[in-house]
Amino acid sequence: MTAAISVRNLDVVFGDKVDPALALLDQGKTRQEIIEASGSVVGVHNASIDVQQGEICVLMGLSGSGKSSLLRAVNGLNPISRGQVLVKDGDGHVDIGSCDANTLRRMRAQRVSMVFQKFALMPWLSVLDNVAYGLEMMGMGKAERHAKAMEQLEMVGLADWKDTLPSGLSGGMQQRVGLARAFAMDTDILLMDEPFSALDPLIRAQLQDELLELQRKVNKTILFVSHDLDEALKIGTNIAIMESARIIQHGKPEDIVMNPATPYVEDFVAHTNPLNVLAGRSLMTAAADLKKNNGESQICGEKGIWLSEDGKTAHMAGKNIPLQNCEARGGAIPATGTMAVTSPDISMRRAIEIRYATEQPVLLMENNQLVGVLTDHNFYHAMLGKHFSCGEAEMAS
Amino acid sequence: MNWLADNKLPLGQWMETFVDWLTDHGAWFFDMIAISLEWVITGLVDLFQWFHPGVPILATAAIAWFIHKSVPLVAFVVAAMLLIINLGYWPEMIETFVLVVTATVICILLGVPLGIFAAHKPWVYSYMRPVLDLMQTVPTFVYLIPTLVLFGLGVVPGLISTIIFAIASPIRLTYLGIRNVPEELVEAGKAFGATPRQLLWKVELPAAMPSIMAGVTQCIMLSLSMVVVAALVGADGLGKPVVRALNTVNISQGFEAGITIVLVAIILDRIFKAPGKSEA
């Protein structure tokens with residue numbers, strides 16, 4: 001088992017009467033029935049999930065769906081009523097639910113650190129002392145912990161503010177301090193409980209970018225809670241969607257968008273911006289479905305564009321259209337009048353940019369073989385949110 | 001109704017029996033407390049009175065400056081203390097000051113840990129609350145009588161009564177302060193591997209400090225308000241001239257002693273109030 005965090009059949013029950021509540025759960029009673037019968041609240045029911053080393057896994061759901069409860073079970077802030085939460089510790093794993101208090105403290109200090117939604121900075125401590133807080137709990141001397149904290153503050157760009165109290169900072173800056181405090185612990189695993197939800201949208205987007213940038217440098221394992229699917233799609237390697245205490249779907253962002261498992265997920269997906277999520281492969285009209293004539297494929301019926309069988313030449317009304325290879329990620333965008341050839345892994349956003357610049361459809365090729373075509377029809381289809389209900393969608397993973 | 005009145009419950013009798021039992025069996029214990037407290041207080045009074053008045057004045061002014069960095073406050077403190085000397089109440093002021101400080105220190109030493117304990121164990125507080133209510137509402141004269149019987153005449157029964165009256169507020173405000181520590185701060189402490197002891201010292205106490213300090217200032221004020229009552233059982237200090245003035249209907253003496261008490265109260269209040277939160 002190589003997962004950094006491995007949750008096995010986890011139940012989290014809040015309240016005094018845990019065992020009766022678990023018995024009721026096994027009888028298949030709903031959360032509401034269990035609250036009425038035993039007074040206990042079921043936070044998480046039978047959740048199993050693995051988070052691999054270096055992955056950002058986003059727990060998604062509405063408030064009350066149990067995503068925070070699951071997150072907080074990983075460092076033992078919430079009770080683990082049944083099941084296991086295994087967290088990687090060196091070559092082995094520690095079960096957070098059954099380890100003793102000293103082991104739990106050691107895990108919190110050395111393996112798992114946390115970023116809070118409302119920052120949870122100590123209002124009486126300077127920014128520097130806040131960043132050094134966890135190190136102080138470990139008993140590190142003042143000079144050493146200040147030096148370490150200073151490095152983290154420089155990383156989040158707040159070195160000049162080290163002597164300020166948190167109340168003197170904006171929300172975005174306070175959360176950078178929260179991030180620095182978690183990074184200062186030098187743990188492999190970070191738990192982030194809606195870290196950006198309390199921030200305004202511009203700052204939120206900025207911090208998301210900074211987090212991704214940091215993650216490229218430090219390569220932590222991050223478990224991230226969010227109620228915002230756009231955020232989840234933007235930063236998640238994998239997404240787990242929760243509804244009434246259960247995980248109902250777990251997969252790559254594009255799987256979730258293309259194949260929502262339930263109407264609940266579909267509802268979420270319907271309101272997201274597909275530009276950042278969908279890849280050419282899931283939007284395209286496949287090569288096999290194109291109209292054929294003498295071995296040539298019809299790229300666009302309206303304009304009458306045809307592509308030769310070897311995929312090397314294209315013509316429209318007897319005139320040749322020059323083909324232009326183009327990177328799926330980054331790089332120059334072909335000029336007007338040419339037709340772009342790119343990989344099916346291209347993002348929808350970039351494909352639209354290319355289509356806009358060239359004023360021609362976009363060809364998707366793999367191993368010098370035409371696999372599909374992107375025309376306006378494909379883009380409109382996705383923009384209208386029809387991509388997940390048509391059933392023909394292909395898994396992009 | 002007659003029947004009810006005829007069969008009176010001997011509540012007072014029970015209390016008296018209890019206090020008698022305490023005096024019979026615990027005399028050595030109460031004597032020990034009385035002697036040691038008396039020794040501490042007279043020692044402190046002698047010490048402060050031994051100094052030239054200029055020394056305490058300068059020291060108080062320095063403390064005021066150190067905490068608040070305010071020239072008007074320092075000027076007020078010096079002027080007020082000079083006025084007290086001028087009125088001729090310097091020795092009494094020292095006696096009262098020592099009584100108030102001793103009572104406050106004992107209240108903090110007992111009250112803050114009790115408040116912390118109660119905050120961590122809600123059931124403890126549910127038992128503690130009626131007792132605290134009782135201590136604050138029973139007229140002081142009522143428990144002055146048993147303390148007088150147990151500790152004899154002098155400064156000690158006055159001190160004990162003052163403590164009984166004043167200790168409730170540090171307990172309550174410590175309890176409130178700790179209970180109101182934001183849950184997320186406690187969680188943050190835990191999430192970064194704090195031990196229970198670190199949680200108390202590095203999260204709860206600093207977060208509750210404003211509330212605890214409010215309890216301390218309240219405690220000082222309540223102790224000051226007890227000086228006249230304490231004088232009735234023989235405690236020295238500014239209460240005595242007030243009582244004497246009352247007995248001889250001496251308006252001028254009563255006024256001067258009263259003004260002195262007010263000055264001491266204002267000095268202590270202004271110095272110990274948290275900086276930056278004045279005018280509250």
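Below, chains carry the letters A, B, ... as their sequence lines are ordered, and counting in each starts from 1. Given the structure is predicted, the values throughout are model-derived calculations rather than measurements.
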* Asked: By a 4.5 Å heavy-atom criterion (distance strictly below it), what part of B:Val186 contacts chain A: side chain, backbone, both, or neither?
  ->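 Contact with chain A is absent: no heavy atom of B:Val186 under 4.5 Å.
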Indicate every side-chain donor-acceptor pair of residues 102-111 of chain B with a distance under 3.5 Å to a residue at least two apart or in another chain.
residue, atom, partner, partner atom, Å
B:Thr102, OG1, B:Val98, O, 2.5
B:Thr104, OG1, B:Val100, O, 2.7

* For B:Ala188 against A:Phe116, the heavy-atom pair lying closest together ->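 Closest approach of B:Ala188 to A:Phe116: CA-CZ, 3.4 Å.
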* **Closest contact, heavy atoms only, B:Leu185 versus A:Leu121** =>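 Heavy atoms of B:Leu185 and A:Leu121 come nearest at CD2-O, 3.3 Å.
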What part of [X] gets within 4.5 angstrom of chain B, counting heavy atoms only: side chain, backbone, both, or neither?
X: A:Leu125; result: neither
X: A:Val115; result: neither
X: A:Met114; result: both

* Contacts of type ring-ring contact (aromatic ring centres under 6.0 Å, His included), residue A:Phe119, not counting sequence neighbours ->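 For A:Phe119 there are no ring-ring contact (aromatic ring centres under 6.0 Å, His included) partners, ignoring immediate neighbours.
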* If you tally heavy-atom pairs under 4.5 Å against chain A, which of B:Ala194, B:Ala207, B:Pro206 wins? ->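 Ranked by contacts with chain A, first place is B:Pro206.
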Show the pairs of one donor and one acceptor atom, one from chain B and one from chain A, lying under 3.5 Å apart.
residue, atom, partner, partner atom, Å
B:Glu187, OE1, A:Arg72, NH1, 2.3
B:Glu187, OE1, A:Arg72, NH2, 3.4
B:Glu187, OE2, A:Arg72, NH1, 2.6
B:Lys190, O, A:Arg108, NH1, 3.4
B:Gln198, NE2, A:Met137, O, 3.0
B:Lys202, O, A:Tyr133, OH, 3.1
B:Lys202, NZ, A:Glu136, OE2, 2.7

* Asked: Any salt bridge (charged side-chain N to carboxylate O under 4.0 Å, His left out) pairs touching residues 167-179 of chain B, not counting sequence neighbours?
  ->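 For residues 167-179 of chain B, and leaving out neighbouring residues, the salt bridge (charged side-chain N to carboxylate O under 4.0 Å, His left out) pairs sorted by first residue read B:Asp133-B:Arg172.
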* **Pick from A:Ala120, A:Gly178, A:Ala182 with the largest number of heavy-atom pairs that fall under 4.5 Å of chain B** =>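 Counting heavy-atom pairs under 4.5 Å, the top option is A:Ala120.
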